[in-house]
A.B. asks: 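There's a structure below that I have some questions on.
Side-chain atoms are counted along with the backbone in the values below, which use heavy atoms only and exclude waters and symmetry mates. Each ligand, and each atom within it, is numbered from 1 in the order the structure gives.
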Amino acid sequence: MTTDIKEIISKLETIKKNFDNELSQTSENNLSEKLKIKYLGRKGELSSFFALMGKVSAQERPKLGQELNKLKIYFQGQIDKFTDASESKPKRIDFFDTSLPGLPVKIGTKHPLYQVLDEIKDIFISFGFTIETGPELETDYYNFEALNIPKYHPSRDLQDTFYISDDLVMRTHTSPVQIRTMESMEPPIRMIAPGKCYRKDALDATHSPIFHQVEGLCVDVGVTFADLKGLIEAFAKRLFGEDVKIRFRPSFFPFTEPSAEYDFSCVKCGGKGCNICKGTGWLEISGAGMVDPAVFNYVGYDSSKYTGYAFGMGVERIAMLKYQIPDIRHFYENDIRFLTQF
Ligand code: DAH
């Protein structure tokens, strides 16, 4: 390499021009880093000229030193300026692709129990029944007394009923809504009362301390047990199809006389016997009967003029049969894998 100072200086001028050129074409930050390496690095453009310092004459050495330092400071300054400017530049966020698909949103569905409840309500509404409601925190009078459930009756037991005070209970069934409805209107009455009920049952595959019932009541002149059977049969066919059969078995409830329990033929095997009906061909639904005249006395209806029938049904039980769900606990666990199947 030449040691002629003039030649050196003209080479340095060329390097400076090249540098300016390259910098003016640089648009990205990391390219300025490349320039830094190219011009200022250990093996960069200037380093070989610094090596010449020991080779030029003593008079020329300060001049070369000055030139080299000036250039070094200039390169460093230009690169810093460029980097600062590009870092404070706003990032390129002005482009937004509106054609990209959005993030999927999980939409909830109606709970299977309430889907079944809706279906039950629709069927009874189509039969001309109204929907009535009552409180879940109920008085002893409506939950027991006025339903002709005497003081010593086992369903009043502390083991079965959530007592809030001596006089207040969490209703153990929807039957108290019968009393409230009859108190508030005169016959003819055709109503159902859907809602939550509470009993001190341990949670297992078929029991839950909170569950749902639908109560039914019809009161008019000349209502008979045959009307009750006809209604239950029509309801069963609407819910489970034309092939379903019903049967009534004698039973006892304090608020109906005569009383019965009613069953549907098994929705899975059609009556042949399977695991769902435990080989019997029948599925127990709930109780029903003709309203006991003692109940009419409590609400001030003339029992020599009016007759009526009443029935209950368990919503969980019906939903379990309809969808063949083997365990009641699925309804309350809110596992999305279960709920999205309905
Ligand atoms: N309340 C009864 C229960 O929870 C079910 C019931 C039976 C309701 C007979 C009725 C009826 O209306 O007539 O077990």
Side-chain angles (χ1 to χ4, degrees), residues 117 120 124 127 129-136 138-150 153-157 159-162 169-183 189-201 206-220 223-232 235-236 246-264 283-296 298-299 301 303 306-318 328:
L117 198 49
I120 295 172
F124 281 108
F127 292 162
F129 282 60
T130 61
I131 303 210
E132 307 295 336
T133 56
E136 289 169 22
E138 195 47 286
T139 62
D140 179 277
Y141 178 79
Y142 286 106
N143 197 75
F144 297 125
E145 184 92 32
L147 285 162
N148 202 31
I149 301 175
H153 194 274
S155 70
R156 287 192 170 213
D157 199 315
Q159 287 199 330
D160 298 315
T161 304
F162 287 109
V169 301
M170 296 309 292
R171 69 177 178 195
T172 57
H173 50 179
T174 43
S175 303
V177 188
Q178 287 187 29
I179 306 299
R180 290 182 174 277
T181 308
M182 288 191 279
E183 275 184 353
I189 287 177
R190 274 178 189 74
M191 70 90 171
I192 60 163
K196 287 197 187 81
C197 305
Y198 301 80
R199 273 181 215 175
K200 275 192 182 171
D201 280 325
T206 52
H207 296 85
S208 160
I210 304 178
F211 55 99
H212 299 72
Q213 284 188 342
V214 174
E215 190 74 17
L217 175 71
C218 167
V219 183
D220 204 344
V223 174
T224 69
F225 205 103
D227 296 322
L228 169 63
K229 285 180 82 174
L231 178 91
I232 295 292
F235 169 76
I246 60 157
R247 77 171 181 189
F248 281 70
R249 290 173 287 113
S251 187
F252 173 78
F253 295 98
F255 37 92
T256 43
E257 183 58 35
S259 300
E261 278 172 85
Y262 62 97
D263 307 333
F264 292 170
L283 302 163
E284 284 181 27
I285 303 298
S286 185
M290 298 305 291
V291 180
D292 194 303
V295 173
F296 283 154
Y298 275 103
V299 297
Y301 279 8
S303 60
Y306 296 116
T307 53
Y309 61 74
F311 57 91
M313 55 182 70
V315 182
E316 276 80 353
R317 178 134 186 85
I318 289 177
I328 201 171

A.B. asks: Ring centres under 6.0 Å, that's the criterion: do Phe248 and Phe225 meet it?
C.D. replies: yes
A.B. asks: Between Lys200 and Asp157, is the closest basic N to carboxylate O distance under 4.0 Å?
C.D. replies: no
A.B. asks: Distance under 6.0 Å and angle within 45° of the ring axis: does Arg180 meet both against Tyr142?
C.D. replies: yes
A.B. asks: Could you list, one pair per line, each nitrogen or oxygen of ligand 1 together with any protein nitrogen or oxygen closer than 3.5 Å, giving atom names and the distance rounded to 0.1 Å?
C.D. replies:
from, atom 1, to, atom 2, distance (Å)
ligand 1, 1 (N), His173, ND1, 3.0
ligand 1, 1 (N), Ser175, OG, 3.0
ligand 1, 4 (O), Arg199, NH2, 2.9
ligand 1, 4 (O), Gln213, NE2, 2.9
ligand 1, 12 (O), Gln178, NE2, 3.2
ligand 1, 12 (O), Glu215, OE2, 2.6
ligand 1, 12 (O), Phe311, N, 3.3
ligand 1, 12 (O), Phe311, O, 3.4
ligand 1, 13 (O), Ala310, O, 3.2

A.B. asks: So does Thr174 get a backbone contact from the side chain of Gln213, meaning a donor-acceptor N/O pair under 3.5 Å?
C.D. replies: yes
A.B. asks: Check for me whether the distance between the ring centres of Phe124 and Phe311 falls short of 6.0 Å.
C.D. replies: yes
A.B. asks: Can you name the residues that form a side-chain contact (heavy atoms from CB on, under 4.5 Å) with Asp220, not counting sequence neighbours?
C.D. replies: Pro188, Arg190, Val223
